[in-house]
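Computed from a predicted structure; not experimentally measured.
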Amino acid sequence: MTCAKTGFIDRRTLIKTGLASAALTSSLSFTRRAHAADGMIRIGFVSPKTGPLAAFAESDEYILAGIAAAFKEGLTIDGSTYGVEVIVKDSQSNPNRAADVAAELILEDEVNLMVVSSTPETTNPVSDQCEINGVPCISTVAPWQPWFFTRGGEPETGFEYTYHFFWGLEDVISVFTEMWGQLATSKVVGGMFPNDGDGNAWGHPELGFPRPLAAQGYNLIDPGRYQNLSDDFSAQISAFKNDGADIVTGVMIPPDFTTFWTQSRQQGFTPKIASMGKAILFPVVVEQLGDAGHNLSSEVWWTPNHPFASSVTGQSAGQVATGYTEATGRQWTQPIGFAHALFEVAADALARSGDPTDYDKVRGALAETQLDTVVGRVDFSSGPVPNVSKTPLVGGQWRLGGDFKYDMVVTANGNASDVPTGGSMEAIS
Amino acid sequence: MSLSYTVQRSTRASQTSMSLTVVILIILIAAPWWAGRAELRLMVEIFYYLALAQMWSLLAGYGGLVSVGQQAFVGLGGYILFALAAFGGVHPIMALVLAGAITALIAMPTALVAFRLQGAYFAIGTWVIAEVFRLSFAQISALGGGSGMSLPASIVKSIASSRAGREHLVYWVALAIAVAAMALVFFLLRSRWGLAMTAIRDSEPASESLGVETYRTKFIVYVMAAGMTGLVGALIFLQKLRISPDAAFSVQDWTALVIFIVVIGGIGTIEGPILGTIIFFILREFASDWGSWYLILLGGIAVAVMLFAPKGLWGLITARYDVHLFPVGRRLIVNEEKSK
């Protein structure tokens with residue numbers, strides 16, 4: 001940099017130097033860590049902390065604080081005690097960045113185990129990097145089909161290092177049809193499937209919704225894949241209206257669903273049931289609809305009423321959720337349980353590995369996981385394809401009232417009868 | 001008093017720096033023996049951003065072609081690599097080279113469309129073209145449609161027999177691409193095309209009236225930059241292992257960040273993108289975990305540089321010290337002689 005000649009440049013130089021040193025010190029305080037000596041286990045965690053998927057990562061800090069407290073004394077493996085360190089990287093909701101930070105965690109931080117959460121756009125690039133680098137990886141919060149098949153998985157062989165627990169499309173189909181069966185409808189269903197990882201899987205003619213719905217006597221109107229962040233759904237709405245659809249379903253991103261639902265009401269399309277995946281997982285999205293969110297239904301992966309408890313802290317699902325509300329003042333969300341369970345599965349596999357610094361031993365222990373977690377049982381030997389374990393899925397409706405503006409009421413539990421229902425389906429008025 | 005003139009290309013500083021460049025290059029070629037796996041991977045990333053920045057600087061800084069659609073060619077290169085390697089059975093390194101060539105071919109009809117637009121309209125037009133490519137690839141279900149696809153592990157492993165061999169080979173390919181991108185700019189600018197390009201940048205009608213073949217010059221530069229960008233794109237997605245339309249045709253990753261690098265480094269120089277790339281990676285190493293604040297910081301720096309140093313940080317350096325590491329310009333030396 002040039003020497004300061006005038007007061008003006010002087011000030012600028014000062015500001016620049018100041019910024020640079022501020023950048024230096026604050027990064028030292030929370031991103032860099034001393035390369036730990038032996039006896040330290042490093043877990044890499046990739047999560048979309050910023051960007052459009054940030055709502056999924058909202059509870060990360062609360063979960064990590066709980067995990068840090070639980071492993072304050074370290075993890076005892078085969079007689080030796082190891083410290084546990086979780087290194088968190090932000091994917092910025094960008095699959096390119098997710099691949100990069102995963103490679104950084106593997107090569108630079110030399111993590112012993114990777115965990116990753118939230119949508120195929122985050123889980124898949126991270127799993128791919130782990131598979132090729134031979135690092136064990138646990139992923140969740142993406143239906144297993146888009147995780148398994150779009151990564152080129154073969155049902156006979158599966159993957160070597162990457163494991164996944166969540167539910168699948170067959171579960172969401174059975175939950176949705178169970179909810180629809182509770183009300184008298186025309187059995188005509190409008191389908192809103194975008195051209196993205198989830199939309200293509202849900203709308204897939206063989207593996208997705210079309211075939212099972214036809215088998216159960218539903219007439220699915222599928223106007224075709226639309227691009228995310230569209231601002232006009234009139235064509236779809238008029239197709240649904242003309243065919244007399246009483247039900248709409250799909251897997252929309254939140255801003256698109258808000259647009260679609262507002263336009264539906266403006267254009268006089270009033271289905272009795274709207275069962276939407278992904279869009280209305282978070283109460284904030286439903287609140288944005290004002291009172292028009294009442295009785296919208298969606299898949300429910302986890303609630304505080306799920307009869308499960310953490311294998312690490314012993315807390316019940318309800319205690320984990322209440323703790324979150326107490327810590328942040330915000331309503332519980334479904335990813336909380338899964339973020340916690342990721343670390344349960346990780347700790348369990350590390351503990352059984354014998355040597356947590358050996359990737360293959362950790363992988364071997366991971367493959368043999370049989371663990372009751374706060375989201376249900378995780379068992380990779382019992383999945384529909386290798387490397388996958390399914391967790392129970394129920395369905396529910398958002399209802400006005402209660403402690404927060406909307407409360408989630410479970411209305412269908414055919415897949416998981418141990419999860420209590422809170423009522424039965426009500427038609428949208 | 002009579003004056004005599006000599007035209008000089010290189011200065012002593014640039015001669016020194018050329019020999020220094022050779023030394024640095026040898027050190028970089030030897031990197032697999034002195035750097036770890038993480039450093040190698042980081043350097044691959046630095047090399048591909050450097051190559052992208054050189055190409056954008058060539059287009060905008062010399063050719064006056066301000067494109068915000070270079071992600072079109074990054075994405076094309078990446079998708080062609082995946083298609084050739086996964087379905088054509090082509091060796092990934094071979095597929096990389098083919099991807100560059102095919103991208104250049106596709107850039108030809110693209111140029112015919114884009115060149116009907118001028119200035120700001122050209123910029124928007126290139127972006128629209130990139131979006132068209134993104135939406136088109138989202139419709140190709142063999143390549144995963146909107147969901148994208150992963151490069152099968154067996155194909156990645158076929159690059160070389162061992163993991164180290166694979167990583168070293170990819171590193172050398174990346175280094176070769178970065179060097180090739182810089183060599184392309186260097187030799188192009190020293191040729192008559194370079195002179196024609198700078199003339200077009202300064203005034204297209206004036207250069208045309210002086211006999212410069214403006215259309216052909218722009219066309220050739222655009223297609224060459226596209227081919228090189230496609231090659232880089234193939235390398236990028238060979239590293240990422242997974243491609244999807246949003247990732248491949250990301251305006252933020254492959255154009256906005258590249259413009260940032262060129263703007264802070266110094267547009268229209270070879271040294272500027274090098275300096276810009278170094279600064280960008282230093283910032284990213286320190287600040288990328290700050291979430292939104294990191295992006296705000298990048299934006300703030302770009303605005304500050306544009307306001308206070310429109311020629312970038314390298315422009316500040318040359319204004320003060322008159323150094324040119326890569327001699328592409330010509331300078332007129334006036335020798336004053338006393339006559340009797």
Side-chain angles (χ1 to χ4, degrees), chain A residues 1-3 9 12 15-16 19-20 23-24 26-28 30-32 49-51 54 88-90 92 94-101 103-104 106-110 120-121 124-125 127-129 131-134 146 149-153 159-160 194-201 225 227-228, chain B residues 36-42 45 86 134-135 138-139 141 144-154 156-157 163 166-167 236-237 239-248 250 252-254 282-283 285-295 297 300-301 304 308 313 316-317 319-321:
Chain A
M1 186 86 342
T2 55
C3 299
I9 291 182
R12 273 205 292 138
I15 292 165
K16 281 184 181 169
L19 264 182
L24 204 74
S26 51
S27 68
L28 284 173
F30 72 96
T31 66
R32 297 285 137 180
K49 292 169 79 70
T50 54
V88 189
K89 294 270 180 186
D90 178 10
Q92 297 168 4
N94 173 342
N96 285 324
R97 188 71 193 145
D100 285 342
V101 293
E104 263 174 45
I106 293 168
L107 300 175
E108 210 168 290
D109 299 301
E110 295 176 357
E121 278 68 34
N124 291 7
S127 297
D128 284 342
Q129 291 290 337
E131 185 73 22
I132 201 73
N133 284 296
F149 291 113
T150 75
R151 293 182 55 225
F159 298 105
E160 218 177 321
N195 187 2
D196 66 10
D198 284 324
N200 285 318
R225 306 294 153 268
Q227 287 299 319
N228 278 330
Chain B
R37 293 176 67 201
E39 286 76 31
L40 283 184
R41 189 184 158 96
L42 181 65
E45 214 180 329
R134 181 175 71 85
L135 295 173
Q139 305 305 320
S141 52
S147 332
M149 69 179 283
S150 300
L151 202 57
S154 58
V156 182
K157 286 175 180 159
R163 185 167 76 183
R166 184 172 81 228
E167 288 172 356
I236 290 172
F237 287 96
Q239 279 290 86
K240 305 252 188 247
L241 302 172
R242 181 172 177 77
I243 200 163
S244 64
D246 290 346
S250 160
Q252 188 195 324
D253 290 355
W254 314 132
I282 291 173
L283 282 172
E285 287 299 294
F286 279 114
S288 64
D289 291 332
W290 299 357
S292 313
W293 288 107
Y294 162 65
L295 296 172
L297 175 72
I301 290 174
F308 300 114
L313 298 178
L316 283 183
I317 294 172
R320 188 171 170 83
Y321 297 107

For the interface with chain B, which of A:Ile106, A:Val88, A:Asn133, A:Asn228 has the highest count of heavy-atom pairs at distances below 4.5 Å?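 Option with the top pair count is A:Asn133.
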Pick from A:Gln129, A:Glu160, A:Gln92 with the largest number of heavy-atom pairs that fall under 4.5 Å of chain B: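 Of the options given, most contacts go to A:Gln129.
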Please classify the contact between [X] and chain A as side chain, backbone, both or neither, with a heavy-atom cut-off of under 4.5 Å.
| X | answer |
| --- | --- |
| B:Trp293 | neither |
| B:Ser141 | neither |
| B:Arg163 | side chain |
| B:Gln239 | backbone |

For A:Thr50, all residues meeting side-chain hydrogen bond (donor to acceptor under 3.5 Å, both in side chains), sequence neighbours excluded: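 Only A:Asp90 meet the side-chain hydrogen bond (donor to acceptor under 3.5 Å, both in side chains) criterion with A:Thr50.
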With sequence neighbours excluded, what pairs up with A:Asn94 under the side-chain hydrogen bond (donor to acceptor under 3.5 Å, both in side chains) test?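 Here the qualifying residues are B:Asp253.
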Contact origin within [X] toward chain B - heavy atom pairs under 4.5 Å:
| X | result |
| --- | --- |
| A:Pro125 | both |
| A:Asn124 | both |
| A:Asp100 | both |

To the nearest 0.5 Å, how far apart are [atom1] in [X] and [atom2] in [Y]?
| X | Y | atom1 | atom2 | result |
| --- | --- | --- | --- | --- |
| A:Glu108 | B:Leu42 | CD | CG | 7.0 Å |
| A:Arg151 | B:Met149 | CZ | CE | 13.0 Å |
| A:Asn96 | B:Ile236 | CG | CD1 | 8.0 Å |

So does B:Ala38 get a backbone contact from the side chain of A:Glu104, meaning a donor-acceptor N/O pair under 3.5 Å?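 Pair absent, no side-chain N/O of A:Glu104 close to backbone of B:Ala38.
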Backbone N/O of B:Arg242 and side chain of A:Asp128: donor-acceptor pair under 3.5 Å: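 Judged by distance alone, no pair lies under 3.5 Å.
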Quick one: closest heavy-atom pair of [X] and [Y], and the distance?
| X | Y | result |
| --- | --- | --- |
| A:Asn200 | B:Ser147 | ND2-OG, 3.0 Å |
| A:Asn195 | B:Gln139 | ND2-NE2, 3.6 Å |
| A:Gln227 | B:Ala138 | NE2-CB, 4.0 Å |

Top contributor to chain A interface from B:Glu45, B:Glu167, B:Lys157 [non-hydrogen pairs under 4.5 Å]: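 Going by pairs under 4.5 Å, I would pick B:Glu45.
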Are the side chains of A:Glu131 and B:Val156 in touch, meaning some heavy atoms are under 4.5 Å apart?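 A:Glu131 does not reach B:Val156 side chain to side chain.
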